[in-house]
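Okay, so here's the structure we're looking at.
Protein chains get the first letters and strands the later ones, always in sequence-line order, with residue 1 at the start of each.
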Amino acid sequence: MALTDPAPPTHFIKRIIEEDLKTNKYDGRVMTRFPPEPNGYLHIGHAKSICLNFGLAETYGGLCNLRFDDTNPTKEEFEYVESIKEDVHWLGFDWDDRLYYASDYFEQLFDYAVQLIKKGKAYVDSLSAEEIKEYRGTLTEAGKESPYRNRSIEENLDLFRRMRAGEFQDGTHVLRAKIDMASGNLNMRDPVMYRILHAEHHRTGNKWCIYPMYDWAHGLCDSIEKITHSICTLEFEDHRPLYDWFLEELGVYQPQQIEFARLNLTHTVMSKRKLLRLVEEGYVRGWDDPRMPTISGLRRRGYTPEAVKDFSERIGVAKKDSMVDIKLLEWCIREDLNKHAPRVMGVLRPLRVVIENYPEDQVEELEAINNPENPTMGTRMVPFSRVLYVERDDFREDPPKKWFRLAPGREVRLRYGYYITCVDVVKDKKTGEVVELRCTYDPATKGGWSPDGRKVRGTLHWVSAGHAIEAEVRLYDHLFLKANPEEVEEGGDFKSNVSPNSLEVLQSCRLEPSLAGATPKSRYQFERLGYFCPDPDSSVSKLVFNRTVTLRDTWAKIEKKMKEEIKQ
RNA sequence: UGGGGGAUCGUCUAGCGGUAGGACGCAUGACUCUGGAUCAUGCUACGGGGGUUCGAAUCCUCCUCCCCCAGCCA
């Protein structure tokens, strides 16, 4: 490649905006919005949209509004509004005083509808829902016009006002736009603008009993807020002609809608409906279960906003349907935490080690580096004593090739400690299970160096048995076995692909004492194991840690490969 | 047999008429008191056929495949 700097990352939406800025299309303004419906928790796909909308405003000196599309009172709740605000803030974005709701505009939307009726472009239809469906036609056949389509303007006005006044039952009438029942675009076949819903709205209470449909409200809300670039997902592409029709008939300000492909991630699902089912049917503990792809789940899992934003940047923006490998997300969080997380030692599956030649009552404080990637993070002292715990996985009675951890007769280094050699293995007489290792240490190797320069390949993490604190540790794996959970047998559904091993809870893990009092916002690397953070379930008497992500595990790959070679 | 979109390494994505680049992933090696990190090297990609052109992933054309739409959901 050329020796010049790489081109700055760009995508088609940026290009459109830059072109609009150049031609002064919106007087040089850039105004975007993030418009969630408060009917569920936000997930990483929304994070992509948030980063896009707020990010675009940021880079082009514009603003991004937060607007709740709360046009369906039967599905929306205040709880969701609060969680969404929290999630957007957590990602590091702010809407200042520009927090809006579609419901703020209900009165104006009603007036606009009256205008359309007066223009003869909207009518009250009294067909039932089933009839409307029949009249709509199919993908390949034109629809039929409703017998109520040509009511007089006066009658429409009267009916529509009485709809608002609450004179009719749910489902008896709707207001429809009068467009074209033969259009190839089904959205243009006289779409419903208002339905009667005697339901209490989380913000407007019982003020209204007719509610605007999304298609009627959305484009107008954008127009009212003078949005320049209304960015949404691909499935709204063929709604655009409808939004433009409304705007043109009303003669109001017209934003530009741009569609991009929503995010799909391997080994998880991304629809609110499916996530809700996982919650309701008990596959996970809640919306913020650390296995969920929700923003609250990622947060609880230990992801940082920086990692999520970095991920959003790296996946790009395009119109092609795609499925991003979850390994990229995992790489992003490792990348961030590697630089910032302090290192500590913790033993997940403890195996007792007694150092026979180490003095009974002696305790030494050994200096350990907090983060080799960042020396300014300093050092800490870790207690060492005669009885320790090491990881059960770090001992093999019958070690395979290339094994350089502990085994009978093998010498290893204890990180920041001493070289120790396994001299005996104590087993449970009944079960044969290894319960203790008897080792000797070389006093000359204090700190982890040998004066004679002899090499040890293995370095193990450890904790002093007498000083360690106990904790529960929750290990997470992908929620779904298959990369694409939708890939199911005939008649099956995505839940048949839920992984039985997505959560493993370990009790009696032993952590170095510096971890006492760790708070939920802190994150650590447990050396050689992965990144962990305290779970909100932690109490003063009991710490609970979540594993955010493992470290890259080269040994696991070597062993897997060796096993495969043996099979062949 | 309607309408609207989309096809570039395994995955995401650049490329916008000048001979396919990056990231993740994977593989091999170096280094290492984390089998981490880091570094180095490598990895069968332009859906297919015609055409235009000195030259096509880019332009034209035909075809194929994939996605979305028939809520009084958003």
Side-chain angles (χ1 to χ4, degrees), chain A residues 1-2 6-7 9-11 15 35-37 39 69 71-72 74-76 125 127-129 132-134 136-143 170-176 182-189 191-197 210-211 213-215 217-218 232-241 259 261 266 272-273 314-325 327-332 334-335 338-339 343 345 369 372-373 402-405 413-417 419 447-449 456-461 483 525-530 550-559:
Chain A
M1 250 325 259
T10 189
H11 51 69
R15 263 200 290 273
E37 182 191 14
N39 69 341
D69 261 327
T71 55
N72 185 352
T74 65
K75 289 189 176 170
E76 294 149 8
D125 195 0
L127 250 26
S128 69
I132 287 180
K133 187 178 174 175
E134 283 165 29
R136 185 152 29 231
T138 68
L139 291 180
T140 52
E141 296 163 67
D170 288 6
T172 52
H173 307 279
V174 290
L175 184 73
R176 299 177 74 176
S183 173
N185 181 347
L186 267 42
N187 297 120
M188 303 299 272
R189 320 243 264 226
V192 173
M193 294 162 62
Y194 275 92
R195 74 283 216 192
I196 300 171
L197 239 37
I210 58 171
Y211 290 92
M213 297 290 290
Y214 173 87
D215 277 347
H218 193 84
C232 65
T233 44
L234 254 27
E235 68 269 29
F236 293 104
E237 208 145 16
D238 48 17
H239 293 232
R240 179 161 24 102
E259 307 85 6
T266 61
K272 278 191 200 170
R273 206 190 98 251
R314 285 171 184 279
I315 56 177
V317 180
K319 298 195 73 157
K320 180 176 68 167
D321 291 309
S322 63
M323 179 160 313
V324 176
D325 195 330
K327 282 181 173 165
L328 177 60
L329 215 211
E330 294 168 349
W331 180 84
C332 288
R334 283 195 192 104
E335 177 80 352
N338 177 47
K339 290 190 191 110
R343 267 101 240 232
M345 291 196 283
I369 294 165
E373 300 292 315
K402 296 180 185 170
W403 176 265
F404 32 86
R405 278 119 95 148
R413 171 169 38 231
L414 294 179
R415 179 135 235 227
Y416 304 121
Y419 289 9
W449 294 104
V456 286
R457 291 297 297 276
T459 300
L460 309 188
H461 61 278
Q525 183 194 101
F526 289 8
E527 292 216 28
R528 304 210 304 134
L529 297 173
T550 61
L551 250 31
R552 248 184 76 210
D553 191 347
T554 304
W555 166 248
K557 280 181 190 169
I558 294 170
E559 192 174 34

Could you go through nucleotides 24-28 of chain B and list every protein N or O atom that sits under 3.5 Å from one of its N or O atoms, giving the distance for each pair?
unit_1	atom_1	unit_2	atom_2	d
B:rC26	OP1	A:Lys557	NZ	3.2
B:rC26	OP2	A:Lys557	NZ	3.4
B:rU28	OP1	A:Lys561	NZ	2.3

Side chain to side chain donor-acceptor pair (under 3.5 Å) partners for A:Ser322, two or more places apart: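 Here no residue qualifies.
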
In whole Å, measure the gap between the [atom1] atoms of [N] and [M] for me.
| N | M | atom1 | result |
| --- | --- | --- | --- |
| B:rG18 | B:rU13 | C1' | 22 Å |
| B:rG15 | B:rG6 | P | 15 Å |
| B:rU8 | B:rG2 | C1' | 31 Å |
| B:rC9 | B:rG48 | P | 10 Å |
| B:rC73 | B:rC68 | C1' | 16 Å |

Picking from [options], which would you name as closest to the side chain of [X]?
| X | options | result |
| --- | --- | --- |
| A:Asp238 | B:rG2, B:rC67, B:rG3 | B:rG3 |
| A:Ile558 | B:rG35, B:rA70, B:rG36 | B:rG35 |
| A:Leu139 | B:rG5, B:rC73, B:rC69 | B:rC69 |
| A:Ala318 | B:rG35, B:rU13, B:rC72 | B:rU13 |
| A:Lys319 | B:rG5, B:rA74, B:rU34 | B:rG5 |

Tell me, what's RNA chain B's dot-bracket, Watson-Crick or G-U with both distances under 3.5 Å, | for other-strand, [ ] crossing? .((((((..((((....[..))))((((((.......))))))...(((((..]....))))))))))).....

Select base, sugar-phosphate, or nothing to describe what [X] touches, counting heavy atoms under 4.0 Å on all strands.
| X | result |
| --- | --- |
| A:Met323 | sugar-phosphate |
| A:Tyr416 | base |
| A:Gln525 | base |
| A:Leu175 | nothing |

Return the value, rounded to whole Å, for the distance between atom [atom1] of [X] and atom [atom2] of [N].
| X | N | atom1 | atom2 | result |
| --- | --- | --- | --- | --- |
| A:Lys339 | B:rG36 | NZ | C1' | 14 Å |
| A:Leu186 | B:rC73 | CG | P | 16 Å |
| A:Lys320 | B:rA45 | NZ | P | 16 Å |

Might you work through the side chain to side chain contact (heavy atoms under 4.5 Å, CB included) test for A:Arg343 and A:Ile369, ending with a clear yes or no? CA-CA 8 Å; A:Arg343 267 101 240 232; A:Ile369 294 165; over 6 Å; no

Would you call A:Lys75 and A:Glu37 a salt bridge, taking side-chain N to carboxylate O under 4.0 Å as the test?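 No salt bridge links A:Lys75 with A:Glu37.
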
